[in-house]
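Letters A, B, ... are given to chains in the order of the sequence lines, protein chains preceding strands, and every chain is numbered from 1. Keep in mind that this is a model prediction, so the values were computed, not measured.
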Amino acid sequence: VHQPDTPESRPAPIPRWVKVFAVVAGLVVLIFLLLLITGGHGPGRHSFDSSSGVAAVGGSG
Amino acid sequence: MRLTPRLRKLALTIHVACSVGWLGAVVAFLVLALLGLTIEDEETVRGAYLVMEPAAWLVLVPLAFASLLTGLVQSLGTTWGLFRHYWVIAKLVINVFATTVLLIYMRTFDALADAAADPSADLATVRNVSPALHSGLAAFLLLVATTLAVYKPPGLTPYGWRKGRQQHTA
């Protein structure tokens, strides 16, 4: 005998705020990883070259 | 394992203190970073970047891990669980991401301190917008986590829904 497909017999749909959060979080992590991989971000952007006395400072990273 | 009501209150108090303390420390870093960018006095600018690294090791990193650890205890030791509610998962994601970025960023604090300690480096070289940007973004993320913790927006995960049904029928 099949159970009737009532709202109580299945999980509620994913709330909208969760979908928005997931998209934003995914984008942030993706951008972060891309910047790290391409060298556009991360500690290397701030490495200090003591021999030349010049710090390689990044604008935003 | 479920915590007793007294232990649960204690764990919650410690978790709130660590998490809000972390947010407060990040805001203090934001102020320090803005002072480093805007103030004229050279000694103060260099001092701001020099103090960031030890202060981050002594305050930011311990509070980040304390927040994560007490959050895990709080979720696993209560009926909230770790994967039952979307807002708990969202907080966990924010916490892990912010802690990871902080640990990676410690090398940057080290490089900034080295630049500030070098008398041959001019002030324009010592000043850096990066700490202000990172602490500003971190403060925003931790504010979102705090808001989630207070409002607890509804939404059960499929796992949480199954667990709830099991407990209901048991």
Do B/V16 and B/L7 share a hydrophobic cluster, counting only Ile, Leu, Val, Met, Phe, Trp and Tyr and linking them when any side-chain heavy atoms are less than 4.5 Å apart?
-> no
Winner by heavy-atom pair count (cut-off under 4.5 Å) against chain A, out of B/G160, B/P158, B/P154, B/G155 = B/P154
Where do B/W22 and B/A64 come nearest, in terms of heavy atoms and distance?
-> CZ2-CB, 3.5 Å
Do B/L50 and B/L123 share a hydrophobic cluster, counting only Ile, Leu, Val, Met, Phe, Trp and Tyr and linking them when any side-chain heavy atoms are less than 4.5 Å apart?
-> no
Quick one: what part of B/L148 sits under 4.5 Å from any heavy atom of chain A, side chain, backbone, both or neither?
-> side chain
What is the ring orientation for B/W87 with B/H85, classed by angle as parallel under 30°, tilted 30 to 60°, or perpendicular over 60°?
-> tilted
Against chain A, label B/F97 side chain, backbone, both or neither, depending on which of its atoms sit under 4.5 Å from a heavy atom there.
-> side chain
